[in-house]
Amino acid sequence: MSIRVRFAPSPTGYLHLGAARAALFNYLYARSVGGKFLLRIEDTDLERSTEESTRSILEGLEWLGLDYDEEIIFQSDNAEKHRQIALKLLEEGKAYRDFTPKEDRANTNIKQNIADKARQQQGEKNMRDNPFRNLSKAESDAKADAGEPFAIRLKVAETGKTSFEDAVYGFQERDYSEIEDLVLLRSDGHPLYNLAVVCDDLEMQITDVIRGQDHLTNTHKQILIYEALGKTPPRFAHLPLILAPNKGKLSKRKHGAVVSMTTYRDKGFVAPAFRNFLALLGWSAGEEREIYSLEELVEKFSLEGVHRNNAVFNFHEADERHWTDDKALWMNAEYIRTMPLESLIPLGKNELKSAKLWRDEYEDDDKVWFEKTIDLIRQRFFTLKDFSAQGRAFFSEDFDFDEKAIEKNLKKFPDLQTWLPELANRLETVEDFTHDNLEAVIKKFAEEKGTKIGVIMNGARTLLTGLAVGPSMLAVFETLGKEKTIRRLKSQVAWNL
RNA sequence: GGCGCAUUCGUCUAGUGGUUAGGACGCAAGGUUCUCAACCUUGAAACAGGGGUUCAAUUCCCCUAUGCGCUACCA
């Protein structure tokens, strides 16, 4: 049977880091073995699920280039089937009705409550002490017929243990005494997660379940359901978690935008770069290398290469320069300056468009110029945003002057206020406005003025680009062209700021 | 509290019963340069602790510590 895996997010927010990586690993695994990568939206939590989230998740997957096979399954569509299956288990005596009134839980600190409760009743807990567990069928039916509300619980055997071989964590075993009679169907008739997952995975013919390690212990419960259903469980592979810098849980609520896929898209990340980064969080090919194309990841990926220990996503909230993981930032810059120019062009276009700097000539009469310019300035950029920010002066006359640059490169050398317009006149005479010719003229000019060439160049840089940093000035002159170069050198705007 | 999982530089990680414990990011210093990146060179930086097993343990076993997860009529 061919391999079938699924990514099954619940639509309660945007696609976050951990989920994205789970999706990526599923995708890589499926592609590497020639299997199918399916998508299932687990929207059974009606209160928290939103269509907006679903859309956001799909966008995130699309951005990462993780295309799925077949139709998307919405778990809520299958609720009735799940209910029937629970009823069937009840019928077969593998589950029972629990008439215990539903406990109202305050949703805050719920985990804490559970732990506290467990602490109080330590030693005396018995997972099989439900008074309705051994009710006769007649009695149970009678109560149900009388309209008493009930949940359906799986009847877990008194003794024994479940076990499975996890592809990442190895052999796992759990004693039945550690597993409660889990609820399959709520008293309001809604199927619960563990039941729904098992039913859907069965229906979708999933062969390998690859998901976060937070489900490792849930797996035992699910195996119990598979057994009750008389089905063979799929193979399981659990992934280590991605933690916050304090090694705590990385959460949407606490960490916000830094864990959202859309943030990276909107902040100018190149999708293949971020995907590459994500792949290396919890997996390695066992070689000293970090740049991998999607094809290479597919080729190299294996579950054996997945780690068992959690990874820290190392960002610094307070530090603007290190707002997200340094390695992600570095990788993005690496991609921007080394990816094939033709792949970068559309991304640059996109960025300029959204900054309202795009002109159609860039694809037409000025195509060559545009591509050359992108190629020139990409060398020192970290994100696509830089094309419209630091790169603005190349595409627009309307750019800002950096105060520090003015101070450092212009005002510190007052002579430049007359020299640079003078240089402009000199450049006017240059017929062939290219690197070598410009260099000769400027060198000579600097010598005449008895100043270092750097003073001239940096002053010019600030007048031409508004910045203190940037590409080699000879390249900038050439790229901007004679007319703009001369105009900007003569402009007194910066001097008056 | 119970159960489970984990533990190599700050972070991502490689690795082996005998290694100068390797790489990457970040950081620092130097070189190069018209600036800043890039690039090159160099540097600081790790096997959680304690017991075993062994001629030898970072590697195998146990314990402790720490972290994380699960322990819901959430997913």
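Below, read A as the first sequence line, B as the second, and so on, with proteins coming before strands; counting in each chain starts at 1. The figures that follow rest on heavy atoms only: side chains count, while hydrogens, waters and symmetry mates do not.
- On the P atoms, B:U64 is 28 Å away from B:A46, given to the nearest whole Å.
- Dashed line: the shortest gap from a side-chain N or O of A:Thr217 to OP1 or OP2 of B:U71 is not under 4.0 Å.
- Taking only side-chain nitrogens and oxygens, A:Asn309 never comes nearer than 4.0 Å to OP1 or OP2 of B:C12.
- Other residues, nucleotides and ligands place more than 12 heavy atoms under 6.0 Å from the CD atom of A:Glu173.
- Taking a cutoff of 4.0 Å between a charged side-chain nitrogen and a carboxylate oxygen, A:Glu317 and A:Lys254 do not qualify as a salt bridge.
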Taking it one step at a time, do A:His238 and A:Thr219 satisfy side-chain hydrogen bond (donor to acceptor under 3.5 Å, both in side chains)? CA-CA 10 Å; A:His238 288 88; A:Thr219 303; 3.1 Å; yes
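- Using a 4.0 Å heavy-atom distance criterion, A:Pro9 is classed as making no nucleic acid contact.
- Spacing of P atoms, B:C34 relative to B:C25, comes out at 26 Å, to the nearest Å.
- When heavy atoms are screened at a 4.0 angstrom cut-off, A:Thr100 is found touching base atoms of the nucleic acid.
- Side-chain N/O atoms of A:His322 include none lying less than 4.0 angstrom from OP1 or OP2 on B:G10.
- Contacts of A:His220 with the nucleic acid, taken as non-hydrogen atoms under 4.0 Å apart, are absent.
- Listed candidates were B:U11, B:G69, B:A75. Nearest to the side chain of A:Asn314 is B:U11.
- Whole-Å rounding puts the A:Phe99 CZ to B:C73 P distance at 17 Å.
- In this structure, of B:G23, B:A75, B:G2, it is B:G23 that holds the atom nearest to the side chain of A:Glu288.
- Other residues, nucleotides and ligands place no more than 12 heavy atoms under 6.0 Å from the CD atom of A:Glu51.
- Taking a cutoff of 4.0 Å between a charged side-chain nitrogen and a carboxylate oxygen, A:Asp188 and A:Arg186 qualify as a salt bridge.
- Between A:Arg186 and B:C74 there is a side-chain N or O to OP1 or OP2 distance below 4.0 Å.
- Taking a cutoff of 4.0 Å between a charged side-chain nitrogen and a carboxylate oxygen, A:Glu203 and A:Lys81 qualify as a salt bridge.
- Remark: P of B:C73 and CG of A:Asn194 are 11 Å apart, rounded to the nearest angstrom.
- On a pure distance criterion of 3.5 Å, a polar donor-acceptor pair joins the side chain of A:Arg461 and the base of B:C34.
- Taking the charged nitrogens against the carboxylate oxygens, A:Glu447 and A:Lys444 have no contact shorter than 4.0 Å, which rules out a salt bridge.
- Heavy atoms of A:Pro471 sit under 4.0 angstrom from at least one base atom.
- A heavy-atom distance below 4.0 Å to RNA chain B is reached by these residues of residues 473-481 of chain A, ordered by number: A:Met473, A:Leu474.
- Contact check, A:Ser284 against B:A14: a side-chain N or O comes under 4.0 Å of OP1 or OP2.
- Remark: the A:His316 side chain and the A:Asp326 side chain contain no N/O donor-acceptor pair separated by less than 3.5 Å.
- Candidate nucleotides B:A37, B:C34, B:U11 were compared by shortest atom distance to the side chain of A:Asp325, and B:U11 ranks first.
- A salt bridge links A:Arg128 with A:Asp181: at least one charged nitrogen is closer than 4.0 Å to a carboxylate oxygen.
- Within 4.0 Å of A:Ser10, counting heavy atoms only, lie sugar-phosphate atoms of the nucleic acid but no base atom.
- For B:C70, neither phosphate oxygen OP1 nor OP2 lies less than 4.0 angstrom from any side-chain nitrogen or oxygen of A:His215.
- Of the candidate nucleotides B:C68, B:C36, B:C12, B:C36 has the atom nearest to the side chain of A:Val469.
- Both distances falling under 3.5 Å, in either a Watson-Crick or a G-U wobble arrangement, place B:A24 opposite B:U11.
- Look at A:Lys404 and A:Glu407 and you find no salt bridge, because none of the NZ, NE, NH1 or NH2 atoms lies under 4.0 Å from a carboxylate O.
- Nucleic acid contact for A:Glu287: none, since no nucleic acid atom lies under 4.0 Å from a heavy atom of the residue.
- Here B:U35 is the nucleotide among B:A75, B:A37, B:U35 with the atom lying nearest to any side-chain atom of A:Ser472.
- Within 4.0 Å of A:Tyr193, counting heavy atoms only, lies at least one base atom of the nucleic acid.
- Between A:Arg48 and the phosphate of B:C74, there is no side-chain N or O to OP1/OP2 separation shorter than 4.0 Å.
- Applying the 3.5 Å distance criterion, the base of B:C12 shares a donor-acceptor pair with the side chain of A:Lys327.
- With B:G2, B:A75, B:G67 as the candidates, the nucleotide lying closest to the side chain of A:Arg174 is B:G2.
- Across the C1' atoms, B:A48 and B:U58 are found 12 Å apart, a figure rounded to whole Å.
- Note on A:Arg321: a side-chain N or O is less than 4.0 Å away from OP1 or OP2 of B:C27.
- Within 4.0 Å of A:Lys404, counting heavy atoms only, lies no atom of the nucleic acid at all.
- Taking side-chain N and O atoms only, A:Lys102 has no distance below 4.0 Å to OP1 or OP2 of B:A72.
- Rounded to whole Å, the distance from CD on A:Glu165 to C1' on B:G4 is 16 Å.
- Heavy atoms of A:Ala311 sit under 4.0 angstrom from primed sugar atoms or phosphate atoms, though from no base atom.
- Checking B:U71, B:U35, B:A14 against the side-chain heavy atoms of A:Asn218 singles out B:U71 as nearest.
- As judged by a 4.0 angstrom heavy-atom cut-off over every strand, A:Gly212 is placed among residues making no nucleic acid contact.
- At whole-Å resolution of the value, CG in A:Asp386 and P in B:C36 are 17 Å apart.
- Of the candidate nucleotides B:C5, B:U71, B:A75, B:U71 has the atom nearest to the side chain of A:Glu180.
- Candidate nucleotides B:U35, B:C70, B:C5 were compared by shortest atom distance to the side chain of A:Lys408, and B:U35 ranks first.
- Taking atom CZ of residue A:Phe277 and atom C1' of nucleotide B:U11, one finds them 9 Å apart after rounding to whole Å.
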